[in-house]
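Before any comments, here is the structure.
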There are 2 protein chains.
Amino acid sequence: MARLREFDYEQVLDGALQLFWRGGYEATSLDGLLSEVGLSKSSFYGAFGSKHDMLLASLDRYIETVLQANIDDLRRGSPRAAIIRSFEKILGFQPTSKTCFLQVCAIERGGHDQLVRMRVRRGLELLEEAYRDAIVRGQEAGQFAADADARVLSTFLVANLYGLQVLGRANMAGDARKKSLATIMKALA
Amino acid sequence: MARLREFDYEQVLDGALQLFWRGGYEATSLDGLLSEVGLSKSSFYGAFGSKHDMLLASLDRYIETVLQANIDDLRRGSPRAAIIRSFEKILGFQPTSKTCFLQVCAIERGGHDQLVRMRVRRGLELLEEAYRDAIVRGQEAGQFAADADARVLSTFLVANLYGLQVLGRANMAGDARKKSLATIMKALA
DNA sequence: CAAATTATGGACCATTCGGTCCATAATAGC
DNA sequence: GCTATTATGGACCGAATGGTCCATAATTTG
């Protein structure tokens with residue numbers, strides 16, 4: 001019934017996500033974004049609505065791809081090993097590396113952008129639930145203290161995960177940062 | 001030998017800090033900032049150099065006032081009580097409240113702005129040292145495990161402090177967040 | 001093939017961006 | 001009071017901002 005779009009919607013969305021992720025929302029110009037992904041303004045506004053709409057779509061996309069992959073990985077193998085694996089991934093990041101996109105959005109826009117805040121919270125909750133599952137399974141397997149509140153421990157893990165990313169972003173205390181994983185795991189047992 | 005400036009340098013700097021703190025660097029326009037603090041462009045460029053220079057000055061100012069006050073408070077009273085106090089301050093924050101300015105700068109600019117990253121790291125190190133002092137004093141007083149590496153524990157505390165701020169920014173898990181303080185303190189003992 | 005519908009390229013828009021410049025005002029030392 | 005020096009207000013700048021509009025191209029349905 002009409003002309004077909006010539007670009008791949010998800011491919012463009014992934015490109016936008018990368019740019020917002022690296023540079024943040026405000027610092028990423030629409031013109032720059034469009035030339036990067038090779039899209040005209042008409043096509044962009046026709047398909048995505050606005051820059052802010054695209055941020056929200058990028059955030060959703062991040063949750064259902066990148067974050068979901070991390071969540072899936074938390075279900076693989078021994079709960080204890082999976083948790084350690086998830087932290088080692090973060091700890092191996094280079095100084096100026098990207099932090100989780102949820103964190104970028106939470107800090108840049110969480111204070112005044114309710115639509116962003118709702119999505120960030122949903123993403124964090126999904127991650128927290130995945131950690132909680134891992135902890136419960138670990139408790140059942142005798143890896144962690146069975147009398148502890150799994151909800152509190154999973155929130156504790158998420159907080160540590162994001163806190164370590166902040167320290168990493170500032171290139172701070174690389175050695176102590178890596179050693180803190182032992183402290184974190186000890187708190188579970 | 002020349003005309004005197006009519007504005008208070010530190011007062012303007014504090015005003016700029018508040019705006020960068022709330023809104024971030026990119027989203028804070030220079031014109032808006034100047035009208036907010038009531039300063040002309042000439043005076044601004046004469047005294048501060050550029051928007052970016054003012055960000056750096058704001059960051060320095062933050063460290064030597066706000067952060068330093070937090071550090072000073074860590075030295076008051078029982079080490080254990082002081083640490084708990086510092087976390088309760090963060091945990092009492094409202095959903096959309098400000099997070100530490102160091103974190104705002106680390107996330108928005110830490111990835112590509114070396115001058116900012118250096119300052120953020122210095123601030124985080126000062127805070128980490130203050131926690132380390134508190135832990136050492138607590139160890140000497142028998143409040144914490146004496147055989148633990150104070151450096152690792154203090155880094156662990158800083159990570160938790162910033163991680164909890166991220167969760168707070170997203171208005172996530174208020175109850176579990178507050179309960180996690182017990183888990184954190186347990187890791188010290 | 002015709003009509004209806006959607007996609008595309010790019011010109012165009014007002015506004016805002018950070019920053020410069022200059023004429024004028026105010027102050028200190030002589 | 002004169003001179004040197006700095007501060008101030010505001011006009012001005014080119015570039016960039018997010019967003020709109022329209023003529024044209026491509027496609028499906030009838």
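Below, read A as the first sequence line, B as the second, and so on, with proteins coming before strands; counting in each chain starts at 1.
An OP1 or OP2 oxygen of C:dT8 is reached within less than 4.0 angstrom by no side-chain nitrogen or oxygen of A:Ser40.
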Quiz item: What one-letter contact string describes nucleotides 20-25 of chain C from 5' to 3', where B marks a base within less than 4.0 Å of any protein heavy atom, S marks contact via sugar-phosphate atoms alone, and - marks no contact?
Solution: BB---B

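Taking atom CZ on A:Phe7 and atom C1' on D:dA26, their separation rounds to 15 Å, with Å as the unit. Residue A:Arg5 contributes atom CZ, which lies 16 Å from atom C1' of C:dG9 at whole-angstrom precision. If you take CG of B:Leu34 and C1' of D:dT8, they are 13 Å apart, rounded to a whole angstrom. We find that CG of B:Leu55 is positioned 14 Å from C1' of C:dG18, with the value rounded to whole Å. Residue B:Leu39 contributes atom CG, which lies 15 Å from atom P of C:dG18 at whole-angstrom precision. In this structure, the CZ atom of A:Phe48 is 10 Å from the P atom of C:dT8, given to the nearest Å.
For the residue pair A:Thr183 and A:Ser180, no side-chain donor N or O sits within less than 3.5 Å of a side-chain acceptor on the partner. In the model, A:Asp72 has a side-chain atom that pairs as donor or acceptor with a side-chain atom of A:Gln68 under 3.5 Å. Side-chain contact of A:Lys98 with A:Gln103: a donor-acceptor pair under 3.5 Å is absent, judged by distance alone.
A tilted orientation is assigned to the rings of A:Tyr131 and A:Phe87, their planes being inclined by 30° to 60°.
Each of B:His52 and A:Gly38 lies near DNA chain C, and the nucleotide nearest A:Gly38 is the one positioned closer to the 5' end.
Note that OG of A:Ser86 is 12.0 Å distant from CZ of A:Arg76, once rounded to the nearest 0.5 Å. Separation of atoms CZ (A:Phe101) and CZ (A:Phe20) is listed at 7.0 Å; rounding is to 0.5 Å. Once rounded to the nearest 0.5 Å, the distance linking CD1 of A:Ile63 with CZ of A:Arg122 reads 5.0 Å.
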Exercise. Report the C-alpha distance between B:Phe48 and B:Tyr9 in whole Å, list the side-chain angles of each, state the deciding distance to 0.1 Å, and finish with yes or no for ring-ring contact (aromatic ring centres under 6.0 Å, His included).
Key: CA-CA 9 Å; B:Phe48 296 99; B:Tyr9 182 92; 4.6 Å; yes

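When each of C:dA28, C:dG19, C:dT6 is scored by its nearest atom to the side-chain atoms of B:Leu4, the top-ranked nucleotide is C:dA28.
For the contact set between residues 10-32 of chain A and DNA chain D, defined by any heavy atom under 4.0 Å, the members are A:Thr28, A:Ser29, A:Leu30, A:Asp31.
Pairs engaging residues 152-165 of chain A under the side-chain hydrogen bond (donor to acceptor under 3.5 Å, both in side chains) rule: A:Glu128-A:Ser154, A:Asn160-B:Asn160 [sequence neighbours left out].
Within 4.0 Å of B:Phe44, counting heavy atoms only, lies no atom of the nucleic acid at all.
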